[in-house]
Each structure stands twice: as C-alpha cells, then as structure tokens.
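This report concerns only the one structure given below.
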Amino acid sequence: MTTLLFSSFQDPPELWLPALRAEMPDVEVRVDPEVGDPAEIDYALVYWPPKGLLASLPNLRAILSIAAGCDHILADPQLPAQLPIVRMVDDYLAAMMAEYAVYAVLHFHRDMDDYRAEQLQGVWNRRWPLYTPETDVGILGLGAIGADCAGKLLAMGFRVHGWSRSPKAIEGVICHAGEAGLLEMLGRCRYLVCVLPLTDETQGIVNARTLAAMPEGSYLINIARGGHVVDADLLAALDGGHIAGAFLDVFNDEPLPPEHPYWHHPKVWMTPHVAGELVPRSCAKAVAATIRRDQAGEPLLHLLDKERGY
Ligand code: NAP
C-alpha cells in the first residue's frame, strides 16, 4: 500500500487527515512521530520537518511541501540531495494571497488609516482619492501567486507592473525583468507588493537602495518572507517619510519579538503570517494529484529547482 507521512508542527492533523483520506482513500496516511516502519513511507508531506527525519526514510520517493516556499525543507542539513521536492501550488492559496494584497493596497489607496484616526477624534474630513487608472502597483514576483495578484489588481482598475527573473508577457501587465527592470518598475510604483521566493538573490531585496528608488510617499506590502526586507532600512524610510506605510505579514524573526519597533509603529500594519493559509480541503487535491502522477510514472509538476532556490 502507498504510504504518506505527514509532519508539521503547526498544521492540525485533525483537519489534514480527513481531507487527505477523502482525496486518496487508497493511501495510508501516518502522522509524525508515529512513523511505524520507516521503510514503508513513500511520500512525506512536511512543514519544517524535524532535522534528519527525511533522511531516515530509506524508500522515500518525493518530498511534498506544505507551503509554496521550500525554505523550511532546505533548512535540514541532512536533506537527501537526490529527492524531488514538490512545492505547494494551490489555486485557493494564490487566491487568498491575492485577496490580502488587494485589501492592503485598497487600505492605503482609500486612506483608511486617516479616516479611522479622524473618526476616533470626531473629525469629518473629506479627501480626494487618487485616480486608480493612473495609479501604479508593482509586484515583485510573477509566479503562481504574483500572477493571481496581478490579475485581481488589474480587475480593480490599477496600472499593474510585475517583476520576474525571466522576461514575461502577461496580458494587461507591464512586465519587467532583471536589475534594470527592477529599478524602472520601482520608480513608478505607489504600491509595491512582494511575493518573491526567498533565495540568495532575493534576500534583503527591499533595502535602503530599492526603497529610495520608489516615489516619495509610496507603500510596501510584504507577504512573501521576512528575509526580503532589511528592517532597519524600512524603519528609516518610514521614519524619514519617504515610505508612507507598510503592511507586513512576514518577519525576519517569527513570532516577532515583543520589543521589535514594528509592533507599535504608527505607519506599520501587521498580521502574524496569515496572508495565505494552507486550507487542507483544497491543498489535499494538489497532494493527491502529485501522488497519482508519480504512481502513473508521469513527470512531477511544480518541482523545486534546487539550483535557483525556488
Ligand atoms: P513561484 O511560482 O515560484 O514564483 C516566483 C516568482 O518570483 C517567479 O515569477 C520568479 O521569476 C520570481 N523570482 C524568483 N527569483 C527572482 C529574482 N532573483 N529576480 C526576479 N524575480 C525572481 O512562487 P509562488 O508560488 O508565487 O510563491 C512566492 C512566494 O510567496 C513563496 O516562495 C513564499 O515565500 C511566499 N508565500 C507566502 C505566504 C504567506 O502566507 N505569507 C503564503 C504562500 C507563499 P521567474 O518567473 O522568471 O521564474
């Protein structure tokens, strides 16, 4: 019988097991640490697996990530080098991320911060909103999630830009690539949404230099990974007024330490890494599809490219 091992410190097995069993009644699902005979495990579905767990499974065929990013798997120094790693690509995850991006952009675009502050002071003060069709939103990353964000922001009527590693053509989106493309895009964007994977190349990409390239009074929305942002540089740009506000879902240290300046910063809105939840009933379909492909001898989709890091 095909056997899948589930291992995550945060995803509740009581939600995942029924969803996995509904999609794959013929697959036995075990929950770490109840591994049983390690030689019987064919697939591992993991989030931050205990170091060495994957190496202890001699007949493992593939590692399936319970996340779009695979940094939580690559962090294991004993990770077996030859095993394929399948990223979680799920339409509902992308839709949730796009929902968050649209919400955060609209929050700033429609001056909700100011209206709330004025409401609490009993002030009735009408503002003149910016003209949406002439307002530029830039998206760092045009993959599964970035493309969905772009589509939904386009539907809201914004002028949408996207930046990727390889040049892209997406209808309605002004596409940029490479270092020169990055600066060109940043120079036009009132709102910048980061949905890049965290790699050696993208670590710290939101820094003093790139923030300075954005127009005065622009906004950052980071829903990718905390490591994309150099916190000291963002705080300096917020305090200096060049960046007018930030909506942050992810942080260099999670949970964010209680003494971190973001907590009480008047220009920072934050959430505890919830922009895209892995909803078992939706993600279980992606897991089942991967196992079915492998069992049928078909090439796996959404493989992590270990060279590129995403
Ligand atoms: P993906 O499909 O692999 O897309 C990644 C995109 O980033 C691609 O367009 C890629 O360019 C671009 N990219 C990568 N390295 C680059 C570089 N050096 N320069 C320019 N562009 C670069 O990934 P995804 O599924 O959209 O997920 C993106 C990230 O979102 C994940 O890695 C994860 O960190 C984050 N995430 C966060 C949450 C949350 O709750 N906060 C939830 C889910 C995901 P190419 O198209 O040219 O390859």
Side-chain angles (χ1 to χ4, degrees), residues 8 10-11 47-48 64-75 85-104 138-153 160-170 173-186 192-207 210 220-229 246-252 254-256 269-279 282-283 286 300-310:
S8 168
Q10 71 167 21
D11 298 283
Y47 185 70
W48 286 106
L64 282 60
S65 169
I66 312 182
C70 295
D71 39 350
H72 61 103
I73 297 171
L74 298 174
I85 300 175
V86 181
R87 301 179 336 97
M88 179 60 74
V89 176
D90 170 55
D91 288 348
Y92 189 69
L93 170 66
M96 280 188 85
M97 295 285 282
E99 213 171 75
Y100 189 112
V102 169
Y103 172 81
I139 303 172
L140 294 174
L142 274 178
I145 295 170
D148 200 338
C149 292
K152 286 180 177 142
L153 286 160
V160 177
H161 302 248
W163 184 66
S164 53
R165 197 161 178 256
S166 51
K168 293 233 176 323
I170 302 177
V173 179
I174 305 162
C175 294
H176 308 259
E179 175 67 14
L182 174 64
L183 294 178
E184 186 186 296
M185 180 177 95
L186 293 177
L192 180 69
V193 177
C194 179
V195 277
L196 286 166
L198 188 62
T199 66
D200 290 347
E201 285 178 30
T202 65
Q203 175 91 28
I205 194 161
V206 179
N207 55 39
T210 48
L220 170 72
I221 293 136
N222 185 19
I223 53 177
R225 287 287 184 267
H228 290 118
V229 176
F247 225 114
L248 307 175
D249 182 55
V250 285
F251 303 91
N252 276 292
E254 294 185 8
L256 190 68
W269 287 75
M270 46 178 275
T271 48
H273 201 146
V274 295
E277 293 291 355
L278 283 293
V279 175
S282 183
C283 292
L300 294 178
L301 302 178
H302 312 308
L303 284 176
L304 172 78
D305 180 330
K306 292 176 193 161
E307 285 285 299
R308 289 187 322 188
Y310 70 97

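Just the heavy atoms: all of them, side chains too, but no hydrogens, waters or symmetry mates, feed the values below. By convention here, the first residue in the shown sequence is residue 1. Whatever order the structure lists ligands and atoms in, that order sets their numbers, starting from 1. Computed from a predicted model, the values in this text were never measured in an experiment.
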Between side-chain atoms of residues 89-98 and protein atoms elsewhere (two or more places apart, or another chain), which donor-acceptor pairs fall under 3.5 Å?
{"residue": "D90", "atom": "OD1", "partner": "S282", "partner atom": "OG", "Å": "2.7"}
{"residue": "D90", "atom": "OD2", "partner": "L93", "partner atom": "N", "Å": "3.0"}
{"residue": "D90", "atom": "OD2", "partner": "S282", "partner atom": "OG", "Å": "3.3"}

> Between CG of L142 and OG of S166, what distance do you get to the nearest 0.5 Å?
Replying inline: 9.0 Å

> Is the backbone N or O of I205 less than 3.5 Å from a side-chain atom of T210, with the two atoms forming a donor-acceptor pair by type?
Replying inline: yes

>> Donor-acceptor check, side chain of H72 to backbone of W48, threshold 3.5 angstrom: yes or no?
In response: yes

Show which side-chain atoms of residues 177-186 pair as donor or acceptor with protein atoms under 3.5 Å away, not counting sequence neighbours.
{"residue": "E179", "atom": "OE2", "partner": "R209", "partner atom": "NH1", "Å": "3.0"}
{"residue": "E179", "atom": "OE2", "partner": "R209", "partner atom": "NH2", "Å": "2.9"}
{"residue": "E184", "atom": "OE2", "partner": "H176", "partner atom": "ND1", "Å": "3.2"}

Measure and list all N/O to N/O distances between ligand 1 and the protein that fall under 3.5 angstrom.
{"residue": "ligand 1", "atom": "2 (O)", "partner": "R87", "partner atom": "NH2", "Å": "3.0"}
{"residue": "ligand 1", "atom": "2 (O)", "partner": "A144", "partner atom": "N", "Å": "3.0"}
{"residue": "ligand 1", "atom": "9 (O)", "partner": "L142", "partner atom": "N", "Å": "2.9"}
{"residue": "ligand 1", "atom": "9 (O)", "partner": "G143", "partner atom": "N", "Å": "3.1"}
{"residue": "ligand 1", "atom": "11 (O)", "partner": "R165", "partner atom": "N", "Å": "3.2"}
{"residue": "ligand 1", "atom": "18 (N)", "partner": "E201", "partner atom": "OE1", "Å": "3.0"}
{"residue": "ligand 1", "atom": "21 (N)", "partner": "R165", "partner atom": "N", "Å": "2.9"}
{"residue": "ligand 1", "atom": "25 (O)", "partner": "R87", "partner atom": "NH1", "Å": "3.3"}
{"residue": "ligand 1", "atom": "25 (O)", "partner": "R87", "partner atom": "NH2", "Å": "3.4"}
{"residue": "ligand 1", "atom": "26 (O)", "partner": "A144", "partner atom": "N", "Å": "3.3"}
{"residue": "ligand 1", "atom": "26 (O)", "partner": "I145", "partner atom": "N", "Å": "2.9"}
{"residue": "ligand 1", "atom": "34 (O)", "partner": "R225", "partner atom": "NH1", "Å": "3.4"}
{"residue": "ligand 1", "atom": "40 (O)", "partner": "G276", "partner atom": "N", "Å": "3.0"}
{"residue": "ligand 1", "atom": "40 (O)", "partner": "G276", "partner atom": "O", "Å": "3.4"}
{"residue": "ligand 1", "atom": "41 (N)", "partner": "I223", "partner atom": "O", "Å": "2.9"}
{"residue": "ligand 1", "atom": "41 (N)", "partner": "D249", "partner atom": "OD2", "Å": "3.0"}
{"residue": "ligand 1", "atom": "46 (O)", "partner": "K168", "partner atom": "NZ", "Å": "2.6"}
{"residue": "ligand 1", "atom": "47 (O)", "partner": "R165", "partner atom": "N", "Å": "3.1"}
{"residue": "ligand 1", "atom": "47 (O)", "partner": "S166", "partner atom": "N", "Å": "2.6"}
{"residue": "ligand 1", "atom": "47 (O)", "partner": "S166", "partner atom": "OG", "Å": "2.6"}
{"residue": "ligand 1", "atom": "48 (O)", "partner": "Y310", "partner atom": "OH", "Å": "2.5"}

Atom pairs and distances, side-chain donor-acceptor, residues 269-276, under 3.5 Å, sequence neighbours left out:
{"residue": "W269", "atom": "NE1", "partner": "D113", "partner atom": "OD1", "Å": "2.7"}
{"residue": "W269", "atom": "NE1", "partner": "D113", "partner atom": "OD2", "Å": "3.1"}
{"residue": "T271", "atom": "OG1", "partner": "Y100", "partner atom": "OH", "Å": "2.5"}
{"residue": "T271", "atom": "OG1", "partner": "D249", "partner atom": "OD1", "Å": "2.7"}
{"residue": "H273", "atom": "ND1", "partner": "E254", "partner atom": "OE1", "Å": "2.8"}
{"residue": "H273", "atom": "ND1", "partner": "E254", "partner atom": "OE2", "Å": "3.3"}

